[in-house]
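For reference, the structure is listed below as structure tokens.
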Number of protein chains: 2
Amino acid sequence: MDPESIRQSLEGSGLRCTPQRYGVMAFLMEHAGHPTAAEIFEAVNRLDPRSTRATIYNNLRDLVQAGLVREVAVEGRSARFDAKGMRHHHFVCDRCGSIEDVEWYEVPRPAAGSLGKRVLRECELIVRGLCTRCAPRGTLSAKRRRRVDT
Amino acid sequence: MDPESIRQSLEGSGLRCTPQRYGVMAFLMEHAGHPTAAEIFEAVNRLDPRSTRATIYNNLRDLVQAGLVREVAVEGRSARFDAKGMRHHHFVCDRCGSIEDVEWYEVPRPAAGSLGKRVLRECELIVRGLCTRCAPRGTLSAKRRRRVDT
DNA sequence: ATCTCATATTAGATATAATCTAAATGTTTC
DNA sequence: GAAACATTTAGATTATATCTAATATGAGAT
Ligand SMILES: [Mn+2]
Ligand SMILES: [Mn+2]
Ligand SMILES: [Zn+2]
Ligand SMILES: [Zn+2]
């Protein structure tokens, strides 16, 4: 990912380009795996400038507010994050819980009658099933939902 | 909601129909508002047999395992629950964060090519926008995402 | 290049949500 | 009614996220 373009998208959103913030943004752009704050913390600190937990959370909050990052809507304990690049849907594995991107396509909107006075902005999809790694092991025992390690 | 049918769905899933468990299930069936564990705790205890926090969580876990209840996939700190009655999609308000049901309809599946070897089970929709209460106030200031009280 | 100050980072404390523990209570089976 | 099993309970514990207020720093102004 182009370092200069990251700097520019940060500054274009009125955010200073600090090493810590840059690290979070760069990591999210390079990893479409929807990491948790803890995973981001560990990853960016494995390289250089040691960020604090608080800094990671602060930056995630700022990046979300700026519209560069979003928190992914999934069930489960900890928030997962996603650099907002190309629009896309999500696939969630019943067995291991991994979340993968699914190529964007327009989805038919609910009938006007069923929406009432609500103002609709977007329709996003959550596709569920078994991921490539879990599919072979059969459709049973989709219980544990334990995230297998990459 | 018919008390006897609740009892039956519990026992049909191999769960004993205790007052505490019944209370959780009945509350979820009567309130399509996707309450948190804390909200359920407070509500069922406002009536009679005082459940413990642990009991609420235990029963939610059991009900989810039994397939009678699901945890709703949304962003945010605490888990939200939903009695699995009729299939439906969800609407999430950008402004107040409220989650409402949207009448079910089949959604076109992703192209086979974009799914790869994944095994697809279901496609559910998250519709975003402004709820009936928030729509009049205009589309701006969709920032706070503070849940307004009912 | 240096100054300046709004912004950002930090360590640690605190808050909140969820789970665990082991003991007590309730229910079913024999 | 005793044994076996399921459920509830209070309280401790863990996990996740946020807050605080002291310090450091980046980027524009000079
Ligand atoms: Mn994604
Ligand atoms: Mn629902
Ligand atoms: Zn999987
Ligand atoms: Zn609203």
Side-chain angles (χ1 to χ4, degrees), chain A residues 3-4 6-8 10-26 34-42 44-45 47-66 68-81 97 144-147, chain B residues 7 10-25 34-45 47-66 68-81 97 144-147:
Chain A
E4 191 50 33
I6 294 180
R7 156 185 299 274
Q8 282 179 6
L10 292 179
E11 290 176 349
S13 305
L15 295 173
R16 286 215 307 233
C17 183
T18 67
Q20 293 89 341
R21 185 171 288 153
Y22 179 94
V24 170
M25 191 65 204
H34 313 92
T36 63
E39 286 164 355
I40 297 168
F41 172 75
E42 211 203 327
V44 307
N45 277 353
L47 313 174
D48 206 29
R50 324 245 109 185
S51 297
T52 303
R53 226 179 9 269
T55 299
I56 299 289
Y57 280 108
N58 286 343
N59 281 322
L60 284 169
R61 189 226 310 113
D62 296 343
L63 292 168
V64 167
Q65 275 194 2
L68 297 172
V69 166
R70 72 171 154 179
E71 188 183 330
V72 184
V74 280
E75 64 276 44
R77 212 107 136 53
S78 39
R80 296 189 166 274
F81 298 90
R144 267 263 151 261
R145 300 225 12 145
R146 178 143 171 53
R147 171 166 288 249
Chain B
R7 157 185 299 275
L10 291 179
E11 289 175 348
S13 304
L15 294 173
R16 290 219 298 243
C17 182
T18 67
Q20 293 89 342
R21 185 172 287 151
Y22 179 94
V24 171
M25 191 65 203
H34 313 93
T36 63
E39 287 164 356
I40 297 168
F41 171 76
E42 210 203 327
V44 307
N45 276 354
L47 313 173
D48 207 29
R50 324 244 110 187
S51 296
T52 303
R53 227 180 7 268
T55 300
I56 299 288
Y57 280 108
N58 287 342
N59 281 323
L60 284 169
R61 189 226 309 113
D62 296 343
L63 292 168
V64 168
Q65 274 194 1
L68 297 172
V69 165
R70 72 172 153 179
E71 189 184 328
V72 183
V74 279
E75 64 277 43
R77 208 108 141 54
S78 39
R80 296 188 165 273
F81 298 90
R144 267 263 150 260
R145 300 225 11 144
R146 177 141 173 55
R147 172 167 286 250

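Quick note on labels: first sequence line is chain A, next is B, and so on, each numbered from 1.
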In whole angstroms, the gap separating P of C:dT10 from CZ of A:Arg50 amounts to 11 Å

Rounded to whole Å, how long is the line connecting atom OH of B:Tyr22 with atom P of D:dT8? 15 Å

Gap between atoms CZ and P, on B:Arg80 and C:dA18 respectively (whole Å): 10 Å

B:Thr55 side-chain N/O to D:dT8 phosphate OP1/OP2 under 4.0 Å: no

Could you tell me how far apart A:Asn58 (CG) and D:dA24 (C1') are, to the nearest whole angstrom? 15 Å

Side chain of A:Leu15, heavy atoms from C-beta onward: which of C:dA17, D:dC19, C:dA8 has the nearest atom to it? C:dA8

If only atom types and distance count, is the side chain of A:Thr18 paired as donor or acceptor with the main-chain N or O of A:Arg21 below 3.5 Å? yes

Would you tell me if any nitrogen or oxygen in the side chain of A:Thr18 comes within less than 4.0 Å of OP1 or OP2 on C:dT7? no

Has B:Gln20 got a side-chain N or O lying under 4.0 Å from the OP1 or OP2 atom of D:dT9? yes

What is the distance, rounded to the nearest whole Å, between atom CG of B:Asp48 and atom P of D:dT8? 15 Å

Give me the atom names and distance for the closest heavy-atom approach of A:Phe81 to A:Val72. C-CG2, 4.2 Å

N/O (side chain, A:Thr52) to phosphate O (OP1/OP2, C:dA11) under 4.0 Å: yes

Which value, rounded to the nearest 0.5 Å, describes the distance between B:Thr55 atom OG1 and B:Leu60 atom CG? 10.5 Å

Are any of the side-chain nitrogens in B:Arg70 or A:Glu75 under 4.0 Å away from the carboxylate oxygens of its partner? no

A:Asn59 vs C:dT9: side-chain N/O to OP1/OP2 distance below 4.0 Å: yes

Residue-phosphate contact under 4.0 Å: B:Tyr57 side-chain N/O, C:dT19 OP1/OP2: no

Is there a donor N/O on one and an acceptor N/O on the other, under 3.5 Å, for the side chain of A:Arg77 and the base of D:dT16? no

Across the strands shown, which category fits A:Ala38 at heavy-atom distances under 4.0 angstrom: base, sugar-phosphate, nothing? nothing

Starting at CZ of B:Arg16 and ending at C1' of C:dT29, how long is that distance when rounded to a whole Å? 12 Å

Regarding A:Arg21, tell me which of base, sugar-phosphate or nothing describes its non-hydrogen contacts under 4.0 Å with the strands shown. sugar-phosphate

Using a 4.0 Å heavy-atom cut-off, does B:Ser51 contact any base of the nucleic acid, only the sugar-phosphate backbone, or nothing at all? sugar-phosphate

Considering the options A:Met25, A:Gln8, A:Arg7, which one meets the side-chain contact (heavy atoms from CB on, under 4.5 Å) requirement together with A:Cys17? A:Arg7

Give the rounded distance in Å between these two atoms: CZ of A:Arg53 and C1' of C:dT14. 12 Å

C:dA18, C:dT10, D:dA27: which one has an atom nearest the side-chain heavy atoms of A:Glu11? D:dA27

Rounded to whole angstrom units, what separation is found between the CZ atom of A:Arg61 and the P atom of D:dT18? 8 Å

